[in-house]
Amino acid sequence: MLNFRGDAAAFRNFIDEHKQRVFNLILKRVQHLQDAEEITQDVFVDVYRNSASFRGDAAISTWLYRIAMNKCIDHLRKKTGRNKWSITSFFNDKEKEAEAGDFIIPALSLRTKKKRRYFLKR
């Protein structure tokens, strides 16, 4: 139902109408301004590329929401990485420890410090 190919003005109007709402939604999820700006741009690139696939079964806002949420999920997966909880992360330097995640479990953090002290004394 949507097709922006060859109609730059229509796509620009579409972006102007929806960009703030999409950006705010993404910013709430990723909690980082530059990442939110980049993801928002990626959302509208996908919208442009896949506009012909929009069937109109749901509201455009629902379709945009789903695209934005999928982009956020992908971003957060890449950000956390698969090796986040590997055993080697417990014994690396403090800089790598700070990259381990966005949240801290106090008991785990204390246990990690005790293990590090124990192995460094050896």
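Each residue takes its place number in the sequence, starting with 1.
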Side chains of residues 58-70: which donor-acceptor pairs under 3.5 Å do they make with residues two or more places apart or in other chains?
unit_1 : atom_1 : unit_2 : atom_2 : d
Arg66  : NH2    : Asn70  : OD1    : 3.4
Asn70  : ND2    : Arg66  : O      : 3.3

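Under the 4.5 Å side-chain contact rule for hydrophobic residues, Val47 and Phe54 share a cluster.
When every heavy atom of Ile39 is checked against every heavy atom of Cys72, the shortest pair comes out as CG2-N, 4.5 Å.
Annotation: side chain to side chain contact (heavy atoms under 4.5 Å, CB included) contacts of Asp57 (sequence neighbours excluded): Arg55. Remark: Phe44 engages no residue in a ring pair (Phe, Tyr, Trp, His ring centres under 6.0 Å) (not counting sequence neighbours).
Under the 30°/60° scheme for interplanar angles, the aromatic rings of Phe11 and Phe14 are found to lie parallel.
Residue pairs that meet the side chain to side chain donor-acceptor pair (under 3.5 Å) test with at least one member in residues 36-50, sequence neighbours left out, are Asp46-Lys71. Pairs passing the side chain to side chain donor-acceptor pair (under 3.5 Å) check and including a residue from residues 21-35, sequence neighbours excluded, read Gln20-Asn24, His32-Asp35, Asp35-His75.
A salt bridge links Arg12 to Asp16: at least one charged side-chain nitrogen sits closer than 4.0 Å to a carboxylate oxygen.
Taking 4.5 Å as the limit, some side-chain heavy atom of Ile73 sits within range of a side-chain heavy atom of Arg77.
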